[in-house]
Every structure is written in C-alpha cells, then in structure tokens.
2 protein chains.
Amino acid sequence: MASPTEPRRLALAPTTLARSVEEASVGDAGRAEGALLQVGELARATGKTVRAIHLYEELGLLTPHDRSKGRFRRFARDAVVRVRWISKLQDLGLTLPEIQEVVRAHEESASASHAAAYLRGVYAQKLEETRRKLEQLRELAHELEASLHFLTHCDASCCSTETITSCPSCEHQAAAPAPDLVAGARIH
Amino acid sequence: MASPTEPRRLALAPTTLARSVEEASVGDAGRAEGALLQVGELARATGKTVRAIHLYEELGLLTPHDRSKGRFRRFARDAVVRVRWISKLQDLGLTLPEIQEVVRAHEESASASHAAAYLRGVYAQKLEETRRKLEQLRELAHELEASLHFLTHCDASCCSTETITSCPSCEHQAAAPAPDLVAGARIH
DNA sequence: TCTAAACCTCACCCATACGTAAGAGTTGGA
DNA sequence: TCCAACTCTTACGTATGGGTGAGGTTTAGA
C-alpha cells in the first residue's frame, strides 16, 4: 500500500549550509539567531516539499524573512516552528483555508490577550472534536479486534462444522453473529 | 463551521414503503426476507445520498438485486448492511478504490477460508494503523490541553508581567516554554 | 387517467493539497 | 570562469468522493 508516486524529496545539499553569519540580519524581525534558510533547507527541516512551502506562502501562512539578490526566498530559523505548527493544525483536521482564517484573525487581533482568546476558542473546539474522533477510533479498533477474533476463531470452529449448538472457544453461548465488518463482506 | 452546502437528502416518502410481499423473490439470492428497497429507501436507511449509492454500484461495491420493469434498481434488505460496511471501511481510512480491491479479492477467492484469510490480513493491518492514529490523536489532545492551559494560565500571569523569575501558578520552576501550538501562531 | 414524487442516464462541476513540468535565472565552490 | 545544484514563476494535472443539473421515464395512489 505504499504510495507509488512519491514526491521527489530534495537531494542532500552539496552547498554549504553554514552561511556567513553577517547575513543573519540580527537587528530585524528575525528573532532567530543563525543563518537564514533557503526554501529547500526549510523543506528538509520540516519534511515538507518545496511546493508545499510555496503553497503555504501563497496562502499567507508563512512569509520569508527576505529575498536574496537573485530573488531566492530566505526564511528565518523559526519558520521551521511555523511550518510544524501548520502541520499540526492540519493533523487536527483544519484545512489550509481554515488555517488562513486562524492566521488572519490572529494577526488582526488588537491585543495579545485578544489573540490568545481567539486561539483558546479554536483549540477548545478542536479538543472536543479530537475527543470525539478518539472515541470513534476506539470503537473501530474494537470492531476490528472483534472481527479478527471472529475470523480466526468463531468462524473457523463454529461455522465450518455443522454443530452450531456448542462452540467451546466462544464465551457467549449464542452462536456469535458475525460482526458488521465481517458480515458486510459476504453480501452479494 | 457547518457545511453550507448540504446535499439534498430525500424527503419523507409519501409512497407506501410496504410493497406486496410477493415481489420479494424468496427463492433467490436475497437471503433477506421482506420487500426489496428502492435506491432512495436504501439511501435513507443508510444516511447516504442516492448519488453515493450509484457511485458504489459503479465501482462494483454494491449490486442491486434486480431491476423493475422500468429499470428502477431494487435492492435486497441486506444491502443496508453492505452500505454500512462500506462506510466503516471508509472510516478506517480505505478509499473507494481500495475497497474495490477488497471486494475483488474477496469475490475471487476460491474458498470461504481463503476469503477469511484475506480479510484477516486487511483488518490486521488496519488495526495497526488505527492504533497508530489513536496514539497520534492522543498526543494531539494532550498538546491541545497543554496549549489551552498555557493560554489561560501561564501566558496571562507570567508573560504579561515582567517578573519571569517567579510564576506561582506554574508547577515547573522554569518559565514554561510556549507549546508548539501556541508558539507557532506567534511567528511572523 | 392524471399527477407528484421518485427514478433513470449522462455529463460536467467542486474543493483539497499538493505534483509536475517548462523554461529561465542564481548561487557558490572548484 | 564554469557547472551542478538549487531556485524562480507560471500553469496545468491529479485523485477523491461525491454534488448538481438536464432532460426524460416510471410508479403508484387518487
């Protein structure tokens, strides 16, 4: 089940990663000390593709610190944190347009506490959703376990022989009905 | 966050659901006794749309028991189980083409035990994946909780004042670093 | 017989999150 | 100076799971 079309990840960079520290524009918004990152470096650092990074920038989720003379994007170090943040929001089930909303609201909020309150709202809602999803997944896991059990034990011992009345390996006396995951496969 | 474009579910059927029992073709593959279902009835019974049912049929996941004189699809009762089965496989993360594969393999397997073995393989793999997902979701839930805690307590009490050295409400002595979900929102 | 509601078969449309390619420019070490 | 590796922009392609008509037919109750 491995994806047959893996995106071309970047090769190991032969160019020196350590850039002259002077370029790190200490005085500016780049709170991160150290060299700036090219888009490929950021991609490698985050496990994303260059295309994904570009997309995030298009959507306003991420902004390069500046550009080189040749218009190469240069990202501050903490862009790595930002990209990971985006990934986590995706894991939480937010779409990129939804993340756009979060960013917009966060940037437009007047005060820091206002921004914090907004985030709290979003996260509280997502926490609830996540808990619901957890519950659903747990149920699915149980169904899978029951189906596996049925497929290996009950079905083989009970149904293959004709004696439905006694099934030593089944805890329940009644002939165990096939779980939905098993029953559904047999229809048609 | 409610979907603005809800698919038109079917209206309550004014037509009598109870069809003449004679139509139920008792002798045939329809193990289910009772009337056959029209596509809309099947849709209502499963919470799917008619279009979805049609799609499942196109993909070979589902087959109507027969057609009426006017080419209306008529499904056996247990088609409901089949559709629910499809839904559960989707919940497990299988795409419709993947479900196609399962169906194909299941139908092509010579013996029942062979088919069971195949299903076991699929389900065992999905069980592992589900457990991994559970673990990931649990982590996310914890991160959300930590972020909510940080946003309501630590951030307000510690960072708004200038005294970083002592934070009465924080259990850890060190100034609590913002969780990724909080830190990421502040970048740029 | 009439009619509303359901159904039929195309067939095109949608959002999401990138993949992929083309053609050209940039970077930096050798 | 040269070249490989990297990056640029533009723009179309892809997969998934249906949604949404259009235009016509069937059903079944009244």
Side-chain angles (χ1 to χ4, degrees), chain A residues 3-20 23 35-44 46-59 61-62 64 66-75 83 86-87 89-91 93-100, chain B residues 3-20 23 35-44 46-59 61-62 64 66-75 83 86-87 89-91 93-100:
Chain A
S3 173
T5 58
E6 285 218 20
R8 268 192 331 223
R9 304 284 162 182
L10 294 173
L12 288 172
T15 62
T16 313
L17 285 188
R19 207 83 49 100
S20 65
E23 289 194 1
L36 297 175
L37 300 172
Q38 283 192 176
V39 65
E41 294 164 343
L42 178 57
R44 270 193 299 276
T46 57
K48 297 284 177 178
T49 62
V50 170
R51 175 66 174 113
I53 307 276
H54 284 167
L55 179 62
Y56 300 159
E57 187 190 341
E58 276 178 41
L59 297 177
L61 310 183
L62 185 65
D66 64 1
R67 298 268 188 144
S68 74
K69 285 162 285 183
R71 305 186 35 75
F72 280 25
R73 292 165 181 82
R74 296 192 299 185
F75 294 91
V83 173
I86 294 170
S87 281
L89 292 189
Q90 284 186 292
D91 289 343
L94 287 150
T95 66
L96 293 185
E98 283 169 342
I99 300 177
Q100 245 180 333
Chain B
S3 173
T5 57
E6 284 218 20
R8 267 193 331 221
R9 304 285 161 183
L10 293 172
L12 288 172
T15 63
T16 313
L17 285 188
R19 208 81 52 99
S20 65
E23 288 193 3
L36 298 175
L37 300 173
Q38 282 191 175
V39 65
E41 293 163 344
L42 178 57
R44 270 192 299 277
T46 57
K48 298 284 177 179
T49 63
V50 170
R51 174 65 173 115
I53 307 275
H54 284 167
L55 179 60
Y56 300 158
E57 187 190 341
E58 274 178 43
L59 296 177
L61 310 183
L62 184 65
D66 64 1
R67 298 267 189 147
S68 74
K69 285 163 284 183
R71 305 185 38 74
F72 280 26
R73 291 166 181 83
R74 297 192 299 184
F75 294 91
V83 174
I86 294 170
S87 281
L89 293 188
Q90 284 186 291
D91 289 343
L94 287 149
T95 65
L96 293 184
E98 282 168 343
I99 300 178
Q100 244 180 334

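In what follows, chains carry the letters A, B, and so on, assigned in the order in which the sequence lines appear, proteins first and then strands, with residues in each chain numbered from 1. Note: hydrogens, waters and symmetry copies are ignored here, and every other heavy atom, side chains too, is used.
- Toward the 5′ end of DNA chain C lies the nearest nucleotide of B:Phe72, the other residue of the pair A:Ala52 and B:Phe72 mapping further downstream.
- Here the nucleotide nearest the side chain of A:Ser68, chosen from C:dA17, D:dT9, C:dT27, is C:dT27.
- In this structure, the nucleotide among D:dG17, C:dA17, D:dG18 sitting nearest to the side chain of A:Leu55 is C:dA17.
- Computed from coordinates, the A:Lys69 NZ to C:dT27 P distance equals 6 Å when rounded to whole Å.
- Contact annotation: A:Arg71 reaches the phosphate of D:dT9 (side-chain N/O to OP1 or OP2, under 4.0 Å).
- Separating the CD atom of B:Gln100 from the C1' atom of D:dG18 is a distance of 15 Å, rounded to the nearest angstrom.
- OP1 or OP2 of C:dG19 sits under 4.0 Å from a side-chain N or O of A:Thr49.
- For B:Gln90 and D:dA15, the CD to C1' distance is 14 Å, given to the nearest whole Å.
- Rounded to whole angstrom, the span from the OH atom of A:Tyr56 across to the C1' atom of C:dT16 amounts to 12 Å.
- When the nucleotides D:dT7, D:dT16, C:dA17 are ranked by their closest atom to the side chain of A:Gln38, D:dT7 comes out on top.
- At the phosphate of D:dT9, OP1 or OP2 sits under 4.0 Å from a side-chain N or O atom of A:Arg67.
- Here the nucleotide nearest the side chain of A:His54, chosen from C:dT16, D:dC8, D:dC12, is D:dC8.
- Of the candidates D:dT9, C:dC8, D:dG18, C:dC8 carries the atom nearest the B:Arg73 side chain, counting heavy atoms from C-beta on.
- A salt bridge links A:Arg51 and A:Glu58; the closest N-O separation between the charged side-chain nitrogens and carboxylate oxygens is under 4.0 Å.
- Spacing between atom CD1 of A:Ile53 and atom P of C:dG19 amounts to 11 Å, rounded to whole angstrom units.
- Atom C1' of nucleotide D:dG17 and atom CD1 of B:Ile86 are separated by 13 Å, given to the nearest angstrom.
- Between B:Tyr56 and the choices B:Leu42, B:Ile99, B:Leu62, the side chain to side chain contact (heavy atoms under 4.5 Å, CB included) rule is met once, by B:Leu62.
- The backbone N or O of A:His54 sits nowhere less than 3.5 Å from a side-chain atom of A:Glu57 that would complete a donor-acceptor pair.
- Summary of the strand contacts: A:Arg51 and A:Gly70 both lie near DNA chain D, and taking for each the nucleotide with the nearest heavy atom, the more 5' one is attributed to A:Gly70.
- Rounded to whole Å, atom C1' of D:dG17 lies 9 Å from atom NZ of B:Lys48.
- Separating the CD atom of B:Glu58 from the P atom of D:dG17 is a distance of 13 Å, rounded to the nearest angstrom.
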List the steps and the verdict of side-chain contact (heavy atoms from CB on, under 4.5 Å) for A:Phe72 and A:Gln38. CA-CA 7 Å; A:Phe72 280 25; A:Gln38 283 192 176; 3.7 Å; yes
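- Taking CD1 of A:Ile53 as the reference point, atom CG of A:Leu61 lies at 10.5 Å (rounded to 0.5 Å).
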